[in-house]
Amino acid sequence: MQAHCLDASLQSFGGFRRQSCTTFFNRPVSVSQKGFSMVSCSFGGGKGKPAIGSRKQKGGVKDKKKENVWSIDNDLAKCKEREEKEERERANRRRRRGRRLRDLQKRSKNARVMISGAMLMEVETVLQTQEPVIRPAWSTFASSVSGIWKGVGAVFSPFTAEMEPIGISKQNENLYDCYTLARIEQSSASHQICREVNWVALNSQGERKQLIEGDDNGEWTAASLPSYESFDLKKNEVLEEDTMGIEPGLVFFEDGSYSRGPVEIPVGEYDESKYFLSPTFKFEQCLVKGCHKRLRIVHTIEFNEGGSEIQIIRVAVYEEQWVCPTSLQDLSDDGFDLQPFSQRKRTQPSELTGSWKVFEVSATPIYGEESTADDGKLPYVYLCMETLKKRTLPENPVYFGEEEMLDMQDVTILWLPGGVTGYVDVKKDGVLCIGVGWYSDEGINLVMERDYGTDGKLKEVRWKTEVKRRWPDPMTV
């Protein structure tokens, strides 16, 4: 990885500092503080103009503004100025700095958008206001996720969205794709859902294309890979063993979709004596399509300096297909049709623009003295609504294979193969949003988003089904 991208995924959270990759070893310095008597500072050798708030007399003595010590107006004014100063500092920290993009008009023939800024989503019409819905039953959710799942997986760079090695072959070659076999079942003695995943890595070429032999037109195609059935994954090594229960940070839905992560992120004052502590969390979000196919994205994020700096370490993507219940041992089904991620095309931003009919279900945690996350009893309120929304193109899309200059602080969305999008964004109000999307050619986009407030606590989880509006506007009579 190039040196100028080492700190590209650092962002600000909760109104804290936004770190630029070009000034990683520098710390922002406060150069002024607003008060009743202002002093002019100049970088031109002291030849700057005097400040408006100070007046010089003939004898060279400055007038001092007299304060009314018998009034509380002074304290109120100071508090207001302090708040305004803090707001300006937060705005400056959120200001995106760094290198700019060059002209993106000239790009290669096979250029594909890999990363971009956030897309603007505007509400056009509210079709149905928020209404309460019943919380999904755990037994229904456990039944939906249980079974034997065959799948494919890959790991992507949080900086450039390129495929990263997921394993190493016996010939010391980097491998970029993998096949998985997951066995998920609910424990009879408890409400825990147990998951065991076997895997095998393959594909030393990544997404690189190869020239078709004997083709006079010079056509390129993806490298041919061995089929899923050529491996006996039951005898391969275990990739993951995990249990999932009714935990505070888990928000689930009856079709098997869920969002899993910590209910609170440690934010606050930074203790320099504990510089070696960097809390790292996994955020796993799952979307289900048609009951038998699902997408899982796992973001691994590190929070440094009391949450003031956020660094995305790893983005892992898995698409899985349900095969049979765990009670059946015959896995000779030939209906597996999932291609490795290196063989798929990437969704382009233009495919997600336009008007969408959005059905949204949100889950909001209720914090109180009686129900706390420590004892595992955190209630959620589920609400649903339906709207018409319009999504516009992001600014400065970045095409793979170009030699452009890029401000990595503007990178929000990773455009991954198979219609997958992943994003970690800090909004203007300081809310941290971790989201995933799954777009299909039928014009349906599934979305799962997880929000954290400036206090580090889980604020809301949103599960959305977006249907692209392809019908014309009604004719006016």
Side-chain angles (χ1 to χ4, degrees), residues 104 107-121 151-164 176-177 206-209 220-222 257 285-290 293-299 312 315-321 337-358 389-402 406 410-425 433-449 462-470:
L104 297 176
R107 56 181 185 270
S108 61
K109 178 181 179 181
N110 298 322
R112 294 170 295 176
V113 173
M114 304 279 283
I115 54 179
S116 72
M119 300 187 77
L120 180 61
M121 196 79 165
V152 295
V155 176
F156 297 89
S157 168
F159 310 103
T160 62
E162 295 181 82
M163 292 190 72
E164 291 188 336
Y176 294 87
D177 282 300
E207 287 187 280
R208 286 179 294 182
K209 305 291 184 178
W220 295 74
T221 184
S257 302
Q285 307 199 78
C286 177
L287 294 167
V288 178
K289 182 190 300 181
K293 288 187 179 180
R294 70 177 193 172
L295 176 79
R296 292 190 299 118
I297 297 186
V298 182
H299 285 90
I312 309 172
V315 179
V317 184
Y318 305 94
E319 184 175 343
E320 298 166 317
Q321 178 178 324
D337 58 353
L338 298 181
Q339 290 184 334
F341 282 100
S342 63
Q343 312 290 304
R344 309 187 190 189
K345 68 174 184 178
R346 295 181 183 244
T347 300
Q348 299 299 285
S350 58
E351 297 181 84
L352 294 184
T353 57
S355 296
W356 296 79
K357 186 177 182 180
V358 181
K389 294 185 178 181
K390 184 178 182 180
R391 183 184 282 115
T392 56
L393 283 171
E395 296 181 357
N396 300 330
V398 180
Y399 294 86
F400 178 67
E402 290 187 336
L406 172 66
D410 291 328
V411 174
T412 300
I413 303 179
L414 305 179
W415 299 89
L416 307 178
V420 181
T421 54
Y423 47 95
V424 178
D425 187 25
C433 178
I434 304 172
V436 300
W438 193 13
Y439 175 76
S440 60
D441 294 334
E442 295 84 5
I444 300 176
N445 188 42
L446 303 177
V447 179
M448 185 76 74
E449 294 178 336
R462 294 179 299 276
W463 171 81
K464 295 185 284 188
T465 300
E466 303 175 350
V467 181
K468 197 164 190 178
R469 183 178 178 181
R470 295 177 174 175

Whether the side chain of [X] engages the backbone of [Y] through a donor-acceptor N/O pair (distance < 3.5 Å, no angle test) should be reported.
| X | Y | result |
| --- | --- | --- |
| T160 | S157 | no |
| T412 | G117 | no |
| K468 | N445 | no |
| Q343 | P340 | no |
| R344 | Q339 | yes |

Under a 3.5 Å cutoff, is there a donor and acceptor pairing between the side chains of [X] and [Y]?
| X | Y | answer |
| --- | --- | --- |
| S440 | E442 | yes |
| W415 | T421 | no |
| Y423 | E449 | yes |

Which heavy-atom pair separates [X] from [Y] by the least distance, and what is that distance?
| X | Y | result |
| --- | --- | --- |
| S342 | G206 | CB-O, 3.4 Å |
| S257 | W463 | OG-NE1, 3.7 Å |
| A118 | I413 | CA-CD1, 4.1 Å |
| V317 | L295 | CG1-CD1, 3.7 Å |
| P417 | E207 | CG-OE2, 3.8 Å |
| V152 | L338 | CG1-O, 4.2 Å |

I need the [X] [atom1] to [Y] [atom2] distance, nearest 0.5 Å.
| X | Y | atom1 | atom2 | result |
| --- | --- | --- | --- | --- |
| F341 | D177 | CZ | CG | 8.5 Å |
| I444 | E466 | CD1 | CD | 11.0 Å |
| T353 | R391 | OG1 | CZ | 9.0 Å |
| L416 | M163 | CG | CE | 10.0 Å |
| I115 | L414 | CD1 | CG | 7.5 Å |
| Y439 | Q348 | OH | CD | 11.5 Å |

Practice prompt. Decide yes or no on side chain to side chain contact (heavy atoms under 4.5 Å, CB included) for C433 and R462, but give the supporting numbers first.
Written response: CA-CA 10 Å; C433 178; R462 294 179 299 276; 4.1 Å; yes

Looking at D337 and K293, is any side-chain nitrogen of the basic one under 4.0 Å from a carboxylate oxygen of the acidic one?
yes

Check: Salt bridge between E319 and R296, side-chain N to carboxylate O under 4.0 Å?
Finding: no

For residues [X] and [Y], determine if any side-chain heavy atom of one lies less than 4.5 Å from a side-chain heavy atom of the other.
| X | Y | result |
| --- | --- | --- |
| I297 | Q285 | no |
| K390 | W356 | no |
| V436 | H299 | yes |

Worksheet item: Just wondering, more than 12 heavy atoms not from K289 lying within 6.0 Å of its NZ?
Response: yes

Under the side chain to side chain contact (heavy atoms under 4.5 Å, CB included) rule, what do M121 and V358 come out as? Steps first, then yes or no, please.
CA-CA 11 Å; M121 196 79 165; V358 181; 4.3 Å; yes

